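What follows is a short report on a single structure.
As the structure is a computational prediction, the values presented were derived from the model and not from experiment.
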Amino acid sequence: MGLGFLNKKVVIKFFGFLLPGIVALLAFQNCSPVVFSGFTENRLLSVDQSCKEGETLACRIENGDGIRECNTELGEFDKNCQLVKCDPGFEPIKGKCLPSDCSNGAINPPQCDSCSVENIIISGQCVVKACEKDETKECYIENGTGQKICNNLQTRFELCQVVKCNEGYHQENNKCVINSECANGAVNFPECDECQFGSQFDGTKCVKHYCDPGHTQSCLIANGVGKQTCKDDGSEYGLCLVDKCNTGFVILGNMCIRVIAPPTPTPTPTPTPPPTPTPTPTPTPTPINGVCGSANGKIVSSAPKGTEACLSGTLEYLAQPGVVIPDQPEKHVWQCKGINGGSSVMCSATGVLSFCSVGKYVSNNQCVACTNKPENSTYISDGGSTNSCAWSCNAGFSKSGNMCVQTSGQAIVAYIYSDYDSDSGAKNCKTIHSDPSIKNVGYFDDGNYSSCNGGAPVCANGSNAVGISKTKVAVNSTVTKTHTVCYKDEANLGFRVVATIYSRQIGSTNECLTATDSNAANKGYFDLGGYSLCDKSNIPLCANGSKKVVLSMSEQVDGSIKYHTGCIINSSVKSKIVAIINSQTATGGAGKAVDTCYTANDQIGKDQGLYDFGGYSKCVNNIPLCQNGSYKIIFQQMLEGSTIKYFTACIKDTNEKGEDILSLR
């Protein structure tokens, strides 16, 4: 279909969304920023923030350039931009670019060949030195101590490495793991290949269970002995069934019932026999009573035997479960039966507590609640024999050291118009402060965030600027039109697209369509509640508290400019991209349009980096559509000859986390 321009997968973030696509380079006066079909690279439109060790990301500071290094512990680039070099006329002093008489950032004019003491020369430029060569400093390692060393360029410290683990812990994969535990849940440290009693190996780890399916154990039956069998799912033992009854009792149903002897018949009188000699009486054996042994009422590591069980009498176990139940130790029950008619006695002992339920740990053979989790988190395991239950942060919070901090999002706070003539160098910039009339066509500012400096758009008061759409204003024109938004980090807040509008400008004639027009609705434009409208001049506007943002604009063959506009609101519920679609429309034979469409279900789409997180994207008659509660948005549209190429996303509103959505940082 002629989509060779997507021969390399590049991950792009746009409006907090993850966009795999193409990266084009557009030259600007005095610099060459990375752009994506006219979108300038910076914090709102940037290379994917996930990273690996050693990777860096270019960034801009006042009067100079810098880099953001990869924080390998978090798997993302640092928020802080580290100074690399200053613009001509400025020099690096204490991490800032200040005015200088040397163009390369040096400090001894007119030679300009050396750096200040806090800087070093890299590739002929003065760079802020972050640390001294081979300098080390302590860093945090859970349950141990760590150290990181300055890299060879002296620009940053390397990844934190384990130096020593605390007593009772050992090193595994640059972590300190408790000696009584292994990564797979096994117990015979250091081999870590055997499960503890009461657990079984499922192929990757040890899983705790109550009993082995089919295992039979003794159980207590009044006036007898019973047996019970572990259920097939290993969850518990079944009903205790009579196995045998004591002497003088018989099985009736599932009970032992005493046998009642029949009445003795009256004997028939017999003649009195002659007296016989009295025999010598046989001695009667001495009765021996059963007496419990030393283990009775104690905590024992195994079933008692010998004198631990019975000091006298015959040992007979009535219950020896061997079953591990969370929060409960094993129970050992036995009988010391009397001898020669002596009395019998019941005895019992408590086994060693094996493990506790989630959020507890073993202490003095009891389960005690853990107290190590921070606020805004939930326990996810037991603590073994220490107060160190594993925990995870609640929704809306992320782990930072031993704390759970609120996840931040981004809110759009201002919208600026600007243009630039590459021939004359003339610049034009408008905000609602400099030209209140542009407020009538959708430009806004929620608190003095927007301004113009020398004809260029600038964002202030802690907000950041990004150009989100760009095109030529007319065929063969040298004037480029740009829309810029200012966005600001807000705790647990992002923005949500609630409507899309199509519009087109041909000379002084405007065309505008919203989801209320069947022609626009059939092509995927939507409105989630009366947010979009076209005014009497066919200018697209947003209502009901939503704000207007041009998502894409492109110059057409006939000289018109086509716009795709979004209405957005700042909300804790954010729009997230769940699928990406590629499509194009080309003029075919006899002037007929030929449409081509690919999704992640097509091999060519997978090869180009397209994705779908749950059957959201589809092509109907080679037209890209979205389904399963998702909405279609055109983020990019460009003209190549007589072919229009589209980059379409399916978005869904949710506040859940997902790998397809990344908050801006």
Taking only residues two or more places apart in sequence, or in another chain, which ones meet [X] in a salt bridge (charged side-chain N to carboxylate O under 4.0 Å, His left out)?
X      : value
Asp435 : Lys430
Asp65  : Arg60
Asp446 : Lys547
Glu158 : Arg156

Over all atoms of both residues, closest heavy-atom pair of [X] and [Y]:
X      : Y      : answer
Ala414 : Tyr449 : CB-CB, 4.0 Å
Lys427 : Tyr420 : CG-CD1, 3.6 Å
Lys632 : Ile623 : NZ-CG2, 4.4 Å
Lys488 : Val413 : CB-CG1, 4.3 Å
Leu610 : Tyr598 : CD1-O, 3.6 Å
Ile569 : Gly545 : CG2-O, 4.0 Å

Parallel, tilted or perpendicular, as decided by the 30° and 60° cut-offs, for the rings of His483 and Tyr415: parallel
Which residue pairs satisfy the salt bridge (charged side-chain N to carboxylate O under 4.0 Å, His left out) criterion with at least one member in [range], sequence neighbours excluded?
range            : answer
residues 532-544 : none
residues 451-460 : none
residues 450-469 : none

Polar contact flag, side-chain donor to acceptor under 3.5 angstrom, Tyr417-Asp419: yes
Gln637 and Ser554 side chains, donor-acceptor separation under 3.5 Å: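 The answer is yes; a qualifying pair exists.
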How long is the straight-line distance from [atom2] of [Y] back to [atom1] of [X], given to the nearest 0.5 Å?
X      : Y      : atom1 : atom2 : answer
Ile633 : Ser575 : CD1   : OG    : 6.5 Å
Lys85  : Ile61  : NZ    : CD1   : 12.0 Å
Phe647 : Ser552 : CZ    : OG    : 11.5 Å
Ile432 : Asn448 : CD1   : CG    : 8.5 Å
Leu57  : Glu69  : CG    : CD    : 11.5 Å
Phe157 : Cys131 : CZ    : SG    : 4.0 Å

Going by the rule side chain to side chain contact (heavy atoms under 4.5 Å, CB included), which residues pair with [X] if we only count those two or more places apart in sequence or in a different chain?
X      : answer
Ser451 : Val458
Asn621 : none
Lys523 : Asn519, Tyr525
Asp612 : Ala579, Ala600, Tyr616, Ser617

Derivation and outcome, side chain to side chain contact (heavy atoms under 4.5 Å, CB included), residues Asn63 and Cys86: CA-CA 6 Å; Asn63 301 318; Cys86 294; 5.9 Å; no
Worked verdict on Leu83 versus Cys97 for side chain to side chain contact (heavy atoms under 4.5 Å, CB included): CA-CA 8 Å; Leu83 174 63; Cys97 289; 3.5 Å; yes
Side-chain donor-acceptor contacts of residues 494-504 below 3.5 Å, not counting sequence neighbours, with atom names and distances?
unit_1 : atom_1 : unit_2 : atom_2 : d
Arg496 : NE     : Asp653 : OD2    : 2.7
Arg496 : NH2    : Asp653 : OD2    : 3.2
Thr500 : OG1    : Phe526 : N      : 3.1
Arg504 : NE     : Ser560 : OG     : 2.9
Arg504 : NH2    : Asp558 : OD1    : 3.4
Arg504 : NH2    : Asp558 : OD2    : 2.5
Arg504 : NH2    : Ser560 : OG     : 3.1

Asn538 side-chain N/O to Asn510 backbone N/O, donor-acceptor pair under 3.5 Å: yes
Sidechain-backbone polar pair: Ser537 side chain, Ile539 backbone, donor-acceptor under 3.5 Å: no
Pair Asn464-Cys459, side chain to side chain contact (heavy atoms under 4.5 Å, CB included): steps then yes or no: CA-CA 6 Å; Asn464 299 276; Cys459 292; 5.8 Å; no
Over 12 foreign heavy atoms within 6.0 Å of CD, Glu55: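 Yes, because the 6.0 Å sphere around CD of Glu55 holds more than 12 heavy atoms from other groups.
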